[in-house]
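Below: the structure, in structure tokens.
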Amino acid sequence: MPSSPEDAAPAPFTADDYRARMDRAAASAADAGLAGVLVAPGPDLVHLTGYRPTAITERLTVLVIAPGRDPVLVVPTLEAPDAEKAAGAAALTLRTWTDGKDPYAVTAPLLDASGRFGVSDNAWAMHLLGLQQALPATSYVSLTEALPMLRAVKDAHELARIAAAGAAADRAYGEILKVRFAGRRETEVAADLARLLIDFGHSQVDFTVVGSGPNGADPHHEAGERTIEHGDMVVLDFGGLKHGYGSDTTRTVHVGEPTDEERRVHDLVREAQQAGFEAVRPGIACQDVDRAARKVITDAGYGAYFIHRTGHGIGVTTHEPPYMIEGEERPVVPGMCFSIEPGVYLPGRFGVRIEDIVTMTEDGTGHRFNTTPHEMALVE
């Protein structure tokens, strides 16, 4: 495949980048009335420190961030050499524990003995129970509940990675339009999409939804053995990670000429997607993006067939806060990255979804990371 500017490896994050993220996490914890945050291996730990353990086991690894204190990463002694190599290691202190010793006895002195802590959602229950036993007066709340915006606002380096991931997904879409659809199974087209994402620099493919004909009415249909037929509408939703950051885009294509109704529904979803995008401006709440897109579909009489939220955040994972859904009153701010993906799903018949990843820029305007045409593409 020919190279493109987004194929170039970005400059690595520095210890200062990770220090700034941990400082923001400490300040956010204080603002939320927390004594600190406890971060287990997973997306939050990667985001805050750059450390991704080679294996996640029963051995305790936890990052302790508390306002007014230097962050500390507690790791098993045998994994300390890898932790020391993490890009953010210079911005924190390592504390080790050895097999046969009590890891909670090592961790407990780092915590306020009666504090309330935010805990990353993927922390193991056995570790949380171990800390509770060591410090009975402590209490805990999930980070998604207490600090849902912890990773929501991206800096310029993160935005560049998301832009590169989006451009790579767009290139994959441009290539998939050249393959034959009719007479092939959904799984075959999905395999083509996965290969193209890898070809264009993705290190990880998270999903390749290929929903043909009636299967397109299932928003999260997994590609199956159905043979795509002439006359099918086909929903293509695909994404993964490039340079550690997510892509996610959806286009709906048609095998041969569509019916008038299929064109009408596709145009309706396209109009709704544009309305959601145009709603992105300073001071708007996340729910207002959902309202703008949903109103278009509801006013046209298809509201009962738009059965999911309008969007979700994206970053080091392909789905994360914020969510563009009724009831989410947090404001959209510059640097937030999220999908706008309205859809209409007619059971037993067909579905249509159009999705871009969007951010709000510093000047208060919306910016799309996906730029492929929204018009219905006709494939063979």
Side-chain angles (χ1 to χ4, degrees), residues 1-18 20-21 43-52 86-88 151-178 192-209 236-251 273 277 280 311-322 332-341 354-363 365-374:
M1 295 288 179
S3 62
S4 184
E6 72 269 7
D7 291 331
F13 293 125
T14 68
D16 286 341
D17 292 324
Y18 291 112
R21 293 177 191 177
D44 290 326
L45 187 63
V46 173
H47 173 73
L48 290 167
T49 70
Y51 179 47
R52 187 190 305 272
R151 306 196 313 257
V153 178
K154 277 67 179 178
D155 62 30
H157 298 302
E158 293 178 290
L159 292 172
R161 285 164 167 78
I162 293 174
D170 284 356
R171 292 169 71 191
Y173 175 68
E175 292 297 318
I176 203 67
L177 295 181
K178 301 174 184 178
D192 288 340
L193 273 172
R195 173 183 55 79
L196 286 165
L197 287 172
I198 296 297
D199 285 348
F200 291 124
H202 280 65
S203 60
Q204 176 178 311
V205 176
D206 284 352
F207 47 88
T208 51
V209 172
L236 303 172
D237 181 359
F238 51 97
L241 299 182
K242 178 173 180 174
H243 304 319
Y245 282 75
S247 69
D248 186 1
T249 187
T250 308
R251 296 292 184 265
Q273 208 275 346
F277 176 72
V280 177
H312 58 81
I314 191 167
V316 293
T317 58
T318 49
H319 287 73
E320 61 186 44
V332 175
V333 298
M336 277 186 178
C337 298
F338 49 89
S339 68
I340 300 178
E341 51 178 306
I354 298 173
E355 174 187 15
D356 295 324
I357 299 302
V358 171
T359 189
M360 189 168 76
T361 64
E362 290 292 341
D363 64 8
T365 59
H367 172 75
R368 285 185 168 101
F369 289 114
N370 298 105
T371 59
T372 56
H374 290 178

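All of these numbers come straight from a predicted model, not from anything done at the bench.
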Inset, instruction - For Cys337 and Leu159, work out which heavy atoms get closest and say how close. - result: SG-CD2, 3.4 Å
Inset, instruction - Check the side chains of Thr318 and Asp206 for a donor-acceptor pair under 3.5 angstrom, ignoring hydrogens and angles. - result: yes
Inset, instruction - Taking the side chain as every heavy atom from C-beta outward, state whether Arg251 and Leu177 have any pair of such atoms under 4.5 Å apart. - result: no
Legend entry - Side chains of Phe207 and Asp248 in contact at under 4.5 Å (non-hydrogen atoms): yes
Inset, instruction - Report yes or no: does Ser339 contribute a side-chain atom to a donor-acceptor pair with the main-chain N or O of Glu341 at less than 3.5 Å? - result: no
Legend entry - Heavy-atom pair with the smallest gap, counting every atom of Ala169 and Thr249: CB-CG2, 4.0 Å
Legend entry - Minimum side-chain heavy-atom gap Thr208-Leu236 below 4.5 Å: no
Legend entry - Point-to-point distance, once rounded to the nearest 0.5 Å, from OG1 of Thr372 to CZ of Arg171: 13.5 Å
Legend entry - Between CG on residue Leu193 and CD1 on residue Ile198, distance to nearest 0.5 Å: 12.0 Å
Legend entry - Check: His47 main-chain N/O paired with Arg21 side-chain donor or acceptor under 3.5 Å: yes
Inset, instruction - Only counting residues at least two apart or in another chain, list the ones meeting ring pair (Phe, Tyr, Trp, His ring centres under 6.0 Å) with Phe369. - result: His367
Inset, instruction - With rounding to the nearest 0.5 Å, note down the distance linking CD1 in Ile176 to CZ in Phe238. - result: 8.0 Å
Legend entry - Partner residues of Pro43 under the side chain to side chain contact (heavy atoms under 4.5 Å, CB included) criterion, sequence neighbours left out: Asn122, Arg151, Val316, Thr317
Legend entry - Minimum-distance pair of heavy atoms, taken over all atoms of Asp170 and Thr371: OD2-N, 2.8 Å
Inset, instruction - Identify the heavy atoms of His157 and Phe13 that sit nearest to each other, and give their distance. - result: CB-CE2, 3.5 Å
Legend entry - side chain to side chain contact (heavy atoms under 4.5 Å, CB included) against Arg368, all qualifying residues, sequence neighbours excluded: Gln273, Gln274, Phe277, Asp356, Val358, His374
Inset, instruction - Mind listing the closest non-hydrogen atom pair of Thr365 and Asp363 along with its distance? - result: OG1-OD1, 2.7 Å
Legend entry - Salt-bridge criterion met for Glu175 and Lys178 (N-O under 4.0 Å): yes
Inset, instruction - Can you measure from CG (Leu241) to CG (Leu197) and round to the nearest 0.5 angstrom? - result: 10.5 Å
Legend entry - Sidechain-backbone polar pair: Ser247 side chain, Gly240 backbone, donor-acceptor under 3.5 Å: yes
Inset, instruction - Side-chain contact test, heavy atoms from C-beta onward, threshold under 4.5 Å: evaluate it for Val332 versus Phe338 and give yes or no. - result: yes
Inset, instruction - For the residue pair Asp16 and Thr14, confirm or rule out a side-chain donor-acceptor distance under 3.5 Å. - result: no
Inset, instruction - Check whether any side-chain heavy atom of Thr359 sits under 4.5 Å from a side-chain heavy atom of Ile162, and report yes or no. - result: no
Inset, instruction - Of all the heavy-atom pairs spanning Lys154 and Ile314, show the shortest one and how long it is. - result: NZ-O, 2.9 Å
